[in-house]
Amino acid sequence: MPDSKDIIQPGRIRLLFVDDEKEFVEVIAKRLSKKGFDVTKAFSGPEALQAMRKADFDIAVLDIKMEAMDGIEVLKILGKMAPELPVIILTGHGSETAAGEGIKFGAMDYLTKPCDFEELVGKIKRILGR
């Protein structure tokens with residue numbers, strides 16, 4: 001059982017989680033929900049943009065390498081749609097180049113995949129000041 005200080009008030013942080021690896025998204029989203037996050041899942045760039053049109057989010061976690069539309073393209077569009085939205089990018093294979101590109105286009109931070117769950121939660125809390 002998580003320590004009560006580790007659980008965020010349910011519904012308080014609205015998080016958009018975007019990655020085309022469905023199993024990965026499902027696992028991370030379930031764990032984030034148990035920590036009290038209100039998670040919206042998107043499995044592609046177009047799905048992420050559609051979700052952004054329907055709801056407001058406090059933060060987004062965005063994979064860089066996706067099939068239909070890569071994360072950098074999504075990040076650029078998100079920067080126009082919601083310039084105040086903090087974004088954490090995920091990059092596979094430790095690609096510092098992709099991470100640097102994401103930071104250049106407005107991402108607040110990055111993690112390499114597979115990412116450490118507690119490190120992800122820590123980055124989210126730090127970025128949102130919680």
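Residue Lys125 holds its NZ atom at 8.0 Å from CD1 of Ile13, rounded to the nearest 0.5 Å. Considering CG of Leu78 and NZ of Lys80, their distance stands at 11.5 Å, rounded to 0.5 Å. Note that CG of Asp58 and CG of Leu128 are 6.5 Å apart. Values are rounded to the nearest 0.5 Å. The structure places CG of Leu15 at 8.0 Å from CD1 of Ile88, a figure rounded to the nearest 0.5 Å.
Here the closest non-hydrogen pair linking Pro86 and Ile127 is CB-CG2, 3.6 Å. Across all non-hydrogen atoms, the minimal contact from Leu62 to Gly71 is CD2-O, 3.4 Å. When all heavy atoms are compared, the tightest approach of Ala107 to Ile89 is CB-CG2, 3.8 Å. The two residues Pro46 and Met69 make their nearest non-hydrogen contact at CD-CB, 3.9 Å.
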Run Val18 and Asp63 through side chain to side chain contact (heavy atoms under 4.5 Å, CB included) and show every step you take.
CA-CA 6 Å; Val18 187; Asp63 186 29; over 6 Å; no
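Taking 4.5 Å as the limit, some side-chain heavy atom of Ile72 sits within range of a side-chain heavy atom of Ile64. In this structure, the side chains of Val74 and Met66 come closer than 4.5 Å at one or more pairs of heavy atoms. Looking only at side-chain heavy atoms (C-beta outward), Ile77 and Leu49 come within less than 4.5 Å of each other. At least one side-chain heavy atom of Leu32 sits less than 4.5 Å from a side-chain heavy atom of Phe117.
With sequence neighbours left out, the side-chain contact (heavy atoms from CB on, under 4.5 Å) criterion links Ala60 to Leu16, Leu85, Val87. Applying the side-chain hydrogen bond (donor to acceptor under 3.5 Å, both in side chains) criterion to Asp109, with sequence neighbours excluded, gives Lys123, Arg126. Judged as a salt bridge (Lys or Arg N to Asp or Glu O under 4.0 Å), and not counting sequence neighbours, Glu73 has no contacts.
For CD of Glu119, the number of neighbouring non-hydrogen atoms (other residues, nucleotides, ligands) closer than 6.0 Å is greater than 12.
Judged as a ring-ring contact (aromatic ring centres under 6.0 Å, His included), the pairs with a partner in residues 12-31 (not counting sequence neighbours) are, in order, Phe17-Phe24. The side chain to side chain donor-acceptor pair (under 3.5 Å) pairs that include a residue from residues 39-54 are Glu26-Lys41, where partners are two or more places apart or lie in different chains.
Neither Val27 nor Leu90 shares a network with the other; the hydrophobic side chains, linked directly or stepwise wherever heavy atoms of I, L, V, M, F, W or Y lie under 4.5 Å apart, form separate groups for each.
Salt-bridge check for Lys35 with Glu118: passed, with a basic side-chain N closer than 4.0 Å to an acidic carboxylate O.
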